[in-house]
Each structure stands twice: as C-alpha cells, then as structure tokens.
Amino acid sequence: MNIAVIFAGGTGQRMNTKTKPKQFLELHGKPILVYTIEEFNSHPEIDGIVLVILKPWIDYCNELVKKFSLTKVKAVIAGGETAMDSQRNGLRKAEELFGSDSIVLVHDGVRPLVDQNTISKNIESVKSRGTAITTTPAIETITIRAESGEVGQIIERSRAELARAPQSFYLKDLLDVHRKAEEEGLSFIDSASMMQHYGYKLYTVEGTPENIKITTPTDFYLFRAFIDSKENSEIFGV
C-alpha cells in the first residue's frame, strides 16, 4: 500500500490573513489544500490519504472531501500541540488503517504544485532504496551564517540542494524513529532530519522547481501564476 499523509495544521501567520488559515485560501473557487490533495487522489499508485488538520476545521475539511470527490481520503484527524505530535497522529492513523508495511509519503498541505512524476519517483525510490527525499537544485549561493554576523562558509552551489516534499519511507521505519525521538524527548524540523539522526541513509529524487510551499503572499502569487499559466496552455494548446 502507498499512503499519503498530508499535514495542514498551520495557522498562516506569515500570510497576513485574518479570516482563514493559509491552506484554505481559495484560487478559482478551490482551496490550496484541495489542489494538493487532488494530485495524490488522482495518482494511480496512491491507495489512501490521511489528512491531519486543525481540530476546529475538521468538519469543513470533511465537506471539502465530499464536494471535490476526494475519494482516497480515508481519515481527517486532528493534529497535536507540535508539528512532531501532528505527524505522529497521522502516521499512527495510517498504520491503523493500512498497516505498518505500507509506504508513506509525508507531504505539506500547502505544497500544491507537486506533480505526478515526483510522486511516482518517491514510491519507486522507497521500494528500491528504502527512503526518498524530494529535492531541487539550489539556484542561488548558499552561505552559513556566522555568530558574529559575518558570512561563514559558502556552499558550492553545484553540491547544494533544497529539501522539499514529499519525504517518503516505509511506515514502520518512520514510526520507529518517532517512538525513539518521543522516548528521548528530541524534536526535529522534518522527517528527513529525524531519519538521518537515527542512522538511515537518505536518497534524493529530483522534483520540479515550482513545487514550492505556500507560506507568504508572494508564494501565493507565484502559485496563482503557475495555475493560470497551466490553464492557459491547456486552453490554447501552447
């Protein structure tokens, strides 16, 4: 089984919206979150989806699932107090529904421009190598900030990549490191850093540059431009 666990628990503070969390902002009558789920829902290799959401928005999400015929969404559950807690909730629900031998693709609800090929490559990488971290090449110089305020190490651009999502693993492996982290009281920024900490080798799959996370108003404008461009190309055949 190939399962997507999609996290949409942010409050959207950097989006400067006072009405809805960023994942529910709409473009052409459809919330960002729905664009994201649709990519997984329509993928032939995805068997099920678990959605982790802010508790007050669960009923609304269930309405969206029905309205947009997101038939592979098998559970909409509440997140926890922290991002780590939310991920555990989602993974444990996936285990309950689909079993720990499944492949799990961990994805951000506000990363709606993921494409079908990236999803396929994630699944294949886990099957053949055990892990898959979606990346894109760095297109600008990356520096390490020194404590003094000076520029520290400058990373050679050709060797640098940006880690994105999905990040994919066998569900039993990811649950195992979550259990260890919980027992040791450790917190990690994402699944990749946690898996690496506990000794797993991480293998990359190259995604598309447009697979951005919608965090700021500028990100939303870029997302709108990508969607409008795609729709225009389909209409006019360019």
Side-chain angles (χ1 to χ4, degrees), residues 1-13 15 17 19-27 29-100 102-116 118-119 122-123 126 132 134 164-171 174-175 178 190-191 211-215 219-220 223 227:
M1 304 283 278
N2 303 314
I3 312 305
V5 178
I6 298 176
F7 298 90
T11 56
Q13 293 178 353
M15 188 63 77
T17 174
T19 55
K20 294 180 179 179
K22 57 190 175 183
Q23 56 270 30
F24 300 121
L25 294 179
E26 294 187 0
L27 177 63
K30 185 188 301 183
I32 292 173
L33 178 60
V34 173
Y35 281 94
T36 303
I37 298 171
E38 283 181 335
E39 287 298 322
F40 291 90
N41 194 75
S42 64
H43 195 285
E45 293 184 86
I46 294 296
D47 300 298
I49 299 168
V50 174
L51 179 61
V52 184
I53 197 71
L54 295 165
K55 188 174 182 179
W57 292 87
I58 288 179
D59 289 343
Y60 177 62
C61 279
N62 281 318
E63 292 174 7
L64 293 177
V65 168
K66 183 177 181 180
K67 178 180 179 180
F68 291 96
S69 300
L70 302 172
T71 56
K72 291 184 181 179
V73 175
K74 304 305 181 183
V76 180
I77 67 169
E81 293 184 5
T82 68
M84 290 275 289
D85 292 335
S86 295
Q87 189 172 120
R88 289 189 192 105
N89 288 356
L91 296 174
R92 287 166 179 163
K93 188 63 176 181
E95 180 185 34
E96 174 190 326
L97 293 174
F98 306 105
S100 62
S102 300
I103 290 173
V104 60
L105 291 80
V106 177
H107 196 71
D108 305 307
V110 288
R111 204 180 285 275
L113 293 169
V114 62
D115 67 314
Q116 300 279 293
T118 297
I119 294 171
N122 268 258
I123 293 170
V126 176
T134 304
R164 291 189 167 171
Q167 297 182 354
S168 307
F169 316 93
Y170 281 108
L171 179 54
L174 189 52
L175 281 168
H178 263 283
D190 62 3
S191 300
N211 182 22
I212 60 174
K213 188 175 183 180
I214 313 301
T215 304
D219 299 328
F220 183 80
F223 168 54
I227 293 297

Inset, instruction - First locate atom CD1 of I49, then atom NE2 of H43, and finally report the distance between them rounded to the nearest 0.5 Å. - result: 11.5 Å

Inset, instruction - Check whether any side-chain N or O of Q23 sits under 3.5 Å from a backbone N or O of A8 as a donor-acceptor pair, and report yes or no. - result: yes

Legend entry - Sub-4.5 Å side-chain heavy-atom contact between V110 and F223: no

Inset, instruction - To the nearest 0.5 angstrom, please state how far the CD1 atom of I53 sits from the CZ atom of F7. - result: 11.0 Å

Legend entry - Exercise: identify the closest heavy-atom pair between T118 and P166: CG2-CD, 4.1 Å

Inset, instruction - Evaluate the side-chain contact (heavy atoms from CB on, under 4.5 Å) criterion for residues L171 and L91: first the C-alpha distance (whole Å), next the side-chain angles of each, then the deciding distance (0.1 Å), finally the verdict. - result: CA-CA 7 Å; L171 179 54; L91 296 174; 3.8 Å; yes

Legend entry - Min side-chain heavy-atom separation Q87-T82 under 4.5 Å: no

Legend entry - Flag side-chain contact, heavy atom, 4.5 Å: N41 against T71: yes

Inset, instruction - Test salt bridge (Lys or Arg N to Asp or Glu O under 4.0 Å) on E96 and K93 and set out the steps. - result: CA-CA 5 Å; E96 174 190 326; K93 188 63 176 181; 3.2 Å; yes

Inset, instruction - Look up atom CD1 in I123 and atom CD1 in I3, then write down how far apart they are to the nearest 0.5 Å. - result: 9.5 Å

Inset, instruction - Using a 4.5 Å cut-off on heavy atoms from C-beta on, say whether the side chain of L175 contacts that of V104. - result: no

Inset, instruction - Measure the shortest side-chain to side-chain distance between F98 and V50 over non-hydrogen atoms and say whether it is less than 4.5 angstrom. - result: yes

Inset, instruction - For T134 and Q167, indicate whether the former's side chain and the latter's backbone hold a donor-acceptor pair under 3.5 Å. - result: no

Inset, instruction - Report yes or no: does D47 contribute a side-chain atom to a donor-acceptor pair with the main-chain N or O of N2 at less than 3.5 Å? - result: yes

Inset, instruction - Give the intermediate values and the outcome of side-chain contact (heavy atoms from CB on, under 4.5 Å) for residues F220 and I32. - result: CA-CA 9 Å; F220 183 80; I32 292 173; 3.8 Å; yes

Inset, instruction - Before giving the answer on side-chain contact (heavy atoms from CB on, under 4.5 Å), spell out for L113 and I227 the whole-Å C-alpha distance, their side-chain angles and the decisive distance to 0.1 Å. - result: CA-CA 9 Å; L113 293 169; I227 293 297; 4.0 Å; yes

Legend entry - Heavy-atom donor-acceptor pair, Y35 side chain to L27 backbone, under 3.5 Å: yes

Legend entry - Which atom of A94 lies closest to which atom of V5, heavy atoms considered: CB-CG2, 4.1 Å

Legend entry - Side-chain touch E38/L70, heavy atoms, less than 4.5 angstrom: yes

Inset, instruction - Measure the shortest side-chain to side-chain distance between L105 and I46 over non-hydrogen atoms and say whether it is less than 4.5 angstrom. - result: yes

Inset, instruction - Could you tell me how the ring of F24 sits relative to the ring of W57: parallel (under 30°), tilted (30 to 60°) or perpendicular (over 60°)? - result: parallel

Inset, instruction - Taking all non-hydrogen atoms of both residues into account, name the closest pair between Q116 and S42 and its distance. - result: NE2-OG, 3.4 Å

Legend entry - Contact summary for G90 and V52, nearest pair of heavy atoms: CA-CG2, 3.6 Å

Inset, instruction - Might you point out which heavy atoms bring H178 and M84 nearest each other, and give the distance in Å? - result: CE1-O, 3.9 Å

Inset, instruction - Give, for atom CD of E95 and atom CZ of R88, the distance between the pair rounded to the nearest 0.5 Å. - result: 14.0 Å

Inset, instruction - First locate atom CZ of R164, then atom CG of D108, and finally report the distance between them rounded to the nearest 0.5 Å. - result: 11.0 Å

Inset, instruction - Could you tell me the separation between the CD1 atom of I214 and the CG atom of L25, rounded to the nearest 0.5 Å? - result: 10.0 Å

Inset, instruction - Could you give me the CA-CA distance, side-chain angles and deciding distance for D219 and K213, then say whether side-chain contact (heavy atoms from CB on, under 4.5 Å) is met? - result: CA-CA 7 Å; D219 299 328; K213 188 175 183 180; 6.0 Å; no

Inset, instruction - Side-chain contact test, heavy atoms from C-beta onward, threshold under 4.5 Å: evaluate it for C61 versus L33 and give yes or no. - result: yes

Inset, instruction - Compare every heavy atom of P112 with every heavy atom of T36, then report the nearest pair and how far apart it is. - result: OG1-CA, 3.1 Å

